[in-house]
Amino acid sequence: MTSDSPVRVRFAPSPTGYLHVGGARTALFNWLFAKRHGGTMVLRIEDTDAARNTPAALAAIFDGLRWLGIDWQEGPEVGGDYGPYFQSQRNAIYDRYLQRLIDSGHVYDDQGAMRFRSPRVPVTVDDQVCGSITIDRSQEPDMTLRRPDGSYIFHFVNVVDDIEMRITHVLRGEDHLMNTPKHIELFQALGATVPVYAHIPLFLNQDGSKMSKRDQGASVASYQENGFLPAAVVNYLCLLGWSPKDGREKLSINEVIALFDWEHLNRSPSKFDYAKCLWLNSQYVAELPEAEYLEMAQAWAREKYPLLTDRAGFDLTAALQLMKPKLKQLPEVGEHLAMLFDDDLPMEEAGQIKVQGQAEAARNLRLLLAHLNETPAWTGEAIQASINATATEAKVKPGALMFPLRLLLTGATHGVDLLPALVLLGKSRVLARLTHRLNQLFS
RNA sequence: GACCUCUUCGUCCAGCGGUUAGGACACGGCACUUUCACUGCUGUAACACGGGUUCGAUUCCCGUAGAGGUCGCCA
């Protein structure tokens with residue numbers, strides 16, 4: 001087909017809402033294909049519907065793509081030889097192409113609108129993902145190219161721009177599959193080479209419904225806001241609808257580029273699995289280099305737990321390092337900090353019930369408190385020794401003391417490694433907190 | 001309604017005529033951790049249904065059902 005010409009692909013969003021993960025995935029696959037083949041990625045803004053366009057939506061597209069690391073070699077803010085890259089600025093070009101169609105007799109006037117006279121012969125779409133599809137066009141109404149007010153319709157400008165911008169491969173959502181015969185008719189009427197098409201299946205929610213703005217994980221911005229790492233989101237998006245032959249799941253972007261092909265694109269729609277995306281994110285968080293992690297975690301700590309600045313002498317760095325292996329998402333540092341920092345955090349109810357139900361719990365905890373009070377040096381080893389001594393005296397396993405201790409200390413049933421947390425908090429605070437919550441629990 | 005696409009564990013993907021149908025997430029168990037988690041091991045769990053073709057179908061063909069998409073002077 002066009003195997004000898006350089007690959008040129010495009011992502012052509014409309015700035016009418018937010019950047020949907022589905023759109024981002026489409027952009028990503030185009031970008032991957034371009035990278036894989038040393039081609040060019042074009043960003044084209046399809047803003048022909050003046051009434052629906054917003055500057056905020058445009059910004060969301062730029063921000064979202066950049067955050068994910070998807071760049072473009074031609075388009076807004078970077079320029080290129082085939083601009084302008086906003087359709088709203090390309091009317092002269094469209095006028096010229098329309099005139100060509102008028103001259104060749106493909107267009108007629110219908111109450112001021114310009115309509116394309118369909119050849120009404122079957123059109124075959126040779127799709128790289130969906131296969132060869134032949135559509136009967138004989139009953140289809142003629143498409144409108146230009147409204148009476150002079151503004152142009154999507155199908156026409158989309159095709160004109162793909163011709164003008166020398167697009168060789170069109171990779172887009174399956175919602176465009178049935179538009180493709182119309183587009184092919186236009187390419188042919190204009191005497192242009194039809195690009196290679198690949199239509200990728202859409203994303204659905206877990207329940208099979210269409211993903212819309214309110215749904216969890218639907219907008220790219222929501223990942224930014226929730227502290228996801230872009231590399232993790234990109235990795236997850238790559239795996240939805242595509243997979244490498246060897247079944248690996250955690251792949252760097254460069255590994256994906258090296259392997260990406262559309263023979264391995266999936267044909268069926270996939271349901272978005274937020275839990276798996278989260279899991280992948282936790283893998284990336286765990287691998288974050290220390291300095292990078294601390295910088296990000298500190299920012300999230302300030303954002304999610306502003307009270308933090310109130311206490312002097314609190315070793316924030318040590319605390320953040322302690323919680324790193326527990327995090328699925330960076331903003332969770334807020335909850336962990338609350339457990340460490342807040343003396344009056346209400347205890348989890350389930351934990352309270354469990355501890356209150358344990359035989360001798362109050363006695364054992366008072367014993368532990370006494371031992372901790374006598375701990376000479378406040379080190380992990382010494383604290384451990386105190387716990388062991390308590391266990392021996394109370395005739396229980398040391399491990400049995402840990403859950404109640406955790407609850408009294410942090411108010412939670414799970415969290416960071418306990419001994420380092422005790423050390424971090426300091427003896428007097430630990431004792432005060434244990435005493436206080438012990439009284440709350442058994443009064 | 002018409003047309004198009006799709007249909008393997010709950011979910012995401014492997015599989016492309018002969019497999020004990022594989023991996024990952026989630027879930028359960030065990031081990032490790034004197035706790036929480038991580039990790040390792042392990043368990044439950046799937047070829048939508050009905051016909052063909054074939055010595056043999058999850059895999060090929062035809063139906064049915066279900067899901068999604070498209071039928072604009074939206075993009």
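If you're wondering where the values come from, they're calculated on a predicted model, not measured in any experiment. The figures here come from the full heavy-atom set of this structure, side chains too, leaving out hydrogens, waters and symmetry mates.
Relative to the side chain of Gln283(A), the nucleotides U39(B), C12(B), U35(B) differ in distance, and U39(B) lies closest. Checked against C74(B), U34(B), A26(B), the side chain of Gln384(A) finds its nearest nucleotide in U34(B). Considering only the side chain of Asp49(A), C74(B) comes nearest among C74(B), C6(B), U35(B). Candidate nucleotides G68(B), C74(B), G10(B) were compared by shortest atom distance to the side chain of Arg147(A), and C74(B) ranks first. For Arg406(A), counting side-chain heavy atoms from C-beta on, the closest listed nucleotide (U35(B), C74(B), C25(B)) is U35(B). Side chain of Asn266(A), nearest nucleotide from C13(B), A75(B), G68(B): C13(B). Side-chain proximity of His414(A) to the nucleotides U34(B), C36(B), C73(B) is greatest for C36(B). Listed nucleotides: C73(B), C36(B), C13(B). Nearest to the side chain of Lys326(A): C36(B).
Figure legend: cation-pi geometry between Lys324(A) and Tyr293(A), with NZ or CZ positioned under 6.0 Å from the six-membered ring centre and within 45° of its axis. A cation-pi geometry, defined here as NZ or CZ lying under 6.0 Å from the six-membered ring centre and within 45° of its normal, does not hold between Arg90(A) and Phe86(A).
Contact annotation: side chain of Asp417(A) to base of U35(B), donor-acceptor pair present below 3.5 Å. No donor-acceptor contact under 3.5 Å links the side chain of Asn179(A) to the base of U70(B).
Using a 4.0 Å heavy-atom criterion, one finds that Leu418(A) contacts the bases of the nucleic acid, with or without backbone contacts as well. Across all strands shown, Gly247(A) has no heavy atoms under 4.0 Å from either base or sugar-phosphate atoms. In this structure, Arg248(A) reaches neither bases nor backbone, as no heavy-atom distance under 4.0 Å exists between it and the strands shown. Within 4.0 Å of Gly131(A), counting heavy atoms only, lies no atom of the nucleic acid at all.
Contact annotation: Lys276(A) side-chain N/O to U11(B) OP1/OP2 distance is not under 4.0 Å. Within the structure, every side-chain polar atom (N or O) of Arg146(A) is placed at least 4.0 Å from both OP1 and OP2 of C73(B). The side chain of Thr16(A) contributes no N or O atom lying less than 4.0 Å from OP1 or OP2 of C74(B). Taking 4.0 angstrom as the limit, Thr144(A) places a side-chain polar atom (N or O) nearer than this to OP1 or OP2 of C73(B). Considering only side-chain N and O atoms, Ser270(A) lies nowhere under 4.0 angstrom from the phosphate OP1 or OP2 of C12(B).
Between Phe154(A) and His183(A), the distance separating the two ring centers is shorter than 6.0 angstrom.
Look at the P atom in both G69(B) and A31(B): the space between them is 48 Å, to the nearest Å. One C1' atom belongs to C49(B), the other to A65(B), and the distance between them is 7 Å to the nearest Å. Between the C1' atoms of G23(B) and C9(B), the separation comes to 12 Å (whole Å).
Taking a cutoff of 4.0 Å between a charged side-chain nitrogen and a carboxylate oxygen, Lys304(A) and Glu332(A) do not qualify as a salt bridge.
Base pairing analysis places U20(B) opposite nothing; no Watson-Crick or G-U wobble pair with both distances below 3.5 Å involves it.
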